[in-house]
Amino acid sequence: MTEILPADKAGVARAAAMLRRGALVAFGTETVYGLGGDATNAEAVAAIFHAKGRPHFNPLICHYPSSDSAFRHVVANERALRVADAFWPGPLTLVLPRRPDCPVALLTSAGLDTLAVRVPAQPVAMALLRETGRPVAAPSANRSGQVSPTSAQHVLDGLAGRIAAVLDSGPCKVGVESTVLDLSERDPVLLRPGGVTVEDLEACLGPIQRGTPHAAGQAGEGLRSPGMMVSHYAPDLPVRLNAATVADDEALLAFGPPLPGGRCQFQLSASGDTIEAAGRLFEGLRWLDANGARLGARGIAVMPVPDSGLGLAINDRLQRAAAPRGG
Ligand code: TXA
Ligand code: MG
């Protein structure tokens, strides 16, 4: 059962408590309703992908109650400070490099070195973010492939029974998603047009490049999002899939009861749970890369993961990690 929480003090407090213990809570922003989860909790983030039925780990936006709190997790450059000052709180998302000590789960960024951050303007959302005291990862609160929701009822139409609660703050004023602006490289790039117009952004920053549209599955030159590039998932050590045995000079990425042998191992999910495994995947690849190499491993052997549930997205990422390396 999905609880419908009123947008009063008690409702916000209950929603915040649910988020803090790892449950999923949809909440209204000025753009669309978001499907929120504690961004520092990898399992909660994996559960977001699962609830949406999102076929790939498309990176998620992290929501904060203030620019100060957002800029504690990403490196703000001069442009970022300027647009944040002009448009936050509001329907603008900035893609910036993660700080080395950023506590946000790697799965939120889909393994990228950047994080998308936003400070929404909706008062109830702001109260919720303040009260939760953690960054909240939230894609639009619809089933994958369906239209973004702008009311609590829309959320329930798609996600009733799949999430713990929806905080009903009424209809969304903006109704289209936030503008996504990548400021992580030399020139600003518009990754998605949205609630803040390009004209307004250019008045603040000067000319902005238009990024390639990046609907899931659409690849191409100049694509910086949503993590469809093979190299972003490739560890330094070569990856061997569907391992039935482990060699002495390999590190093991285990799923379920681990194979014997190998230099070291990282367990994705001892019980074979794809939600838990999805939450640990990017951490695991990084950990094996660092520790495997240190212990003399010359490759990573990966145990088979079923294609069901989040397994499909896990296998998509693992296949990219194992793909032949281009120059
Ligand atoms: O208005 C909105 O932005 C809503 C509300 C809930 O805040 N959220 C939303 O999230 O629309 P979602 O997941 O539907 O869209 C997030 C977009 C995707 O296009 C994703 O690829 C991009 O932001 N994105 C997220 N993190 C990124 C990153 N590190 N680098 C590049 N693009 C990123
Ligand atoms: Mg969406």
Side-chain angles (χ1 to χ4, degrees), residues 24-37 39 45 48-49 51-65 70 73-75 87-98 102 104-122 124-126 128-129 135-151 154-155 158-159 166-167 169 172-185 188-196 211-219 222-229 232 282:
L24 303 186
V25 178
F27 62 99
T29 75
E30 77 278 32
T31 58
V32 300
Y33 272 70
L35 170 48
V45 176
I48 293 176
F49 288 102
K52 269 189 80 98
R54 205 156 167 153
H56 301 287
F57 297 132
N58 191 347
L60 304 178
I61 297 171
C62 237
H63 297 73
Y64 294 86
H73 292 173
V74 289
V75 183
F87 302 104
W88 276 354
L92 175 68
T93 294
L94 301 179
V95 174
L96 290 165
R98 292 169 65 107
C102 177
V104 171
L106 285 177
L107 182 58
T108 310
S109 314
L112 300 172
D113 295 330
T114 53
L115 182 67
V117 295
R118 158 159 134 81
V119 180
Q122 219 282 350
V124 179
M126 293 173 95
L128 176 67
L129 293 167
V136 174
S140 49
N142 51 282
R143 295 295 288 271
S144 187
Q146 294 177 355
V147 181
S148 292
T150 52
S151 72
H154 293 168
V155 174
L159 296 172
V166 54
L167 181 60
S169 54
C172 303
K173 287 220 171 72
V174 175
V176 295
E177 288 93 341
S178 61
T179 303
V180 181
L181 182 67
D182 186 346
L183 294 177
S184 67
E185 294 187 35
V189 179
L190 180 76
L191 294 178
R192 178 177 76 182
V196 171
T212 309
H214 55 278
Q218 207 174 331
L223 182 76
R224 286 198 199 171
S225 173
M228 303 306 280
M229 289 161 293
H232 279 288
F282 293 122

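Note that the structure is a prediction, hence the values are computed from the model and not measured. Just so you know, ligand 1 is whichever comes first in the structure, and atom 1 is the first atom listed for that ligand.
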N/O to N/O below 3.5 Å, does that happen between [X] and ligand 1?
X: T31; answer: yes
X: R118; answer: yes
X: R192; answer: yes
X: N58; answer: yes
X: T29; answer: no

Quick one: are [X] and [Y] in side-chain contact, heavy atoms under 4.5 Å?
X: S178; Y: E30; result: no
X: F57; Y: L106; result: no
X: N142; Y: V147; result: no
X: S144; Y: F49; result: no
X: L129; Y: P120; result: yes

Please could you name the atoms of ligand 1 that [X] approaches to less than 4.0 Å, counting only its heavy atoms?
X: G34; value: 6 (C)
X: P139; value: 10 (O), 12 (P), 13 (O)
X: H63; value: 5 (C), 6 (C), 7 (O)
X: L112; value: 28 (C), 29 (N), 30 (N)
X: I61; value: 3 (O), 8 (N), 9 (C), 10 (O), 16 (C)
X: L191; value: 31 (C), 32 (N)

Side chain to side chain donor-acceptor pair (under 3.5 Å) involving T179 - partner list, sequence neighbours excluded: none
Run the contact test for [X] against ligand 1 with a 4.0 Å cut-off on heavy atoms, strictly below, and give the result.
X: R54; result: yes
X: P91; result: no
X: A138; result: yes

Proximity to ligand 1 by part of P59, non-hydrogen separation under 4.0 Å: both
From CG (N58) to NZ (K52), nearest 0.5 Å: 8.5 Å
Side-chain H-bond candidate by donor/acceptor type, T29 with R118, under 3.5 Å: yes
Test item: side-chain donor near acceptor, T108 and R98, under 3.5 Å: no
Which residues share a side chain to side chain contact (heavy atoms under 4.5 Å, CB included) with T114, sequence neighbours left out: V95, L112, S184
Selected option - heavy-atom contact closest to atom 9 (C) of ligand 1, from P149, S140, G195: S140
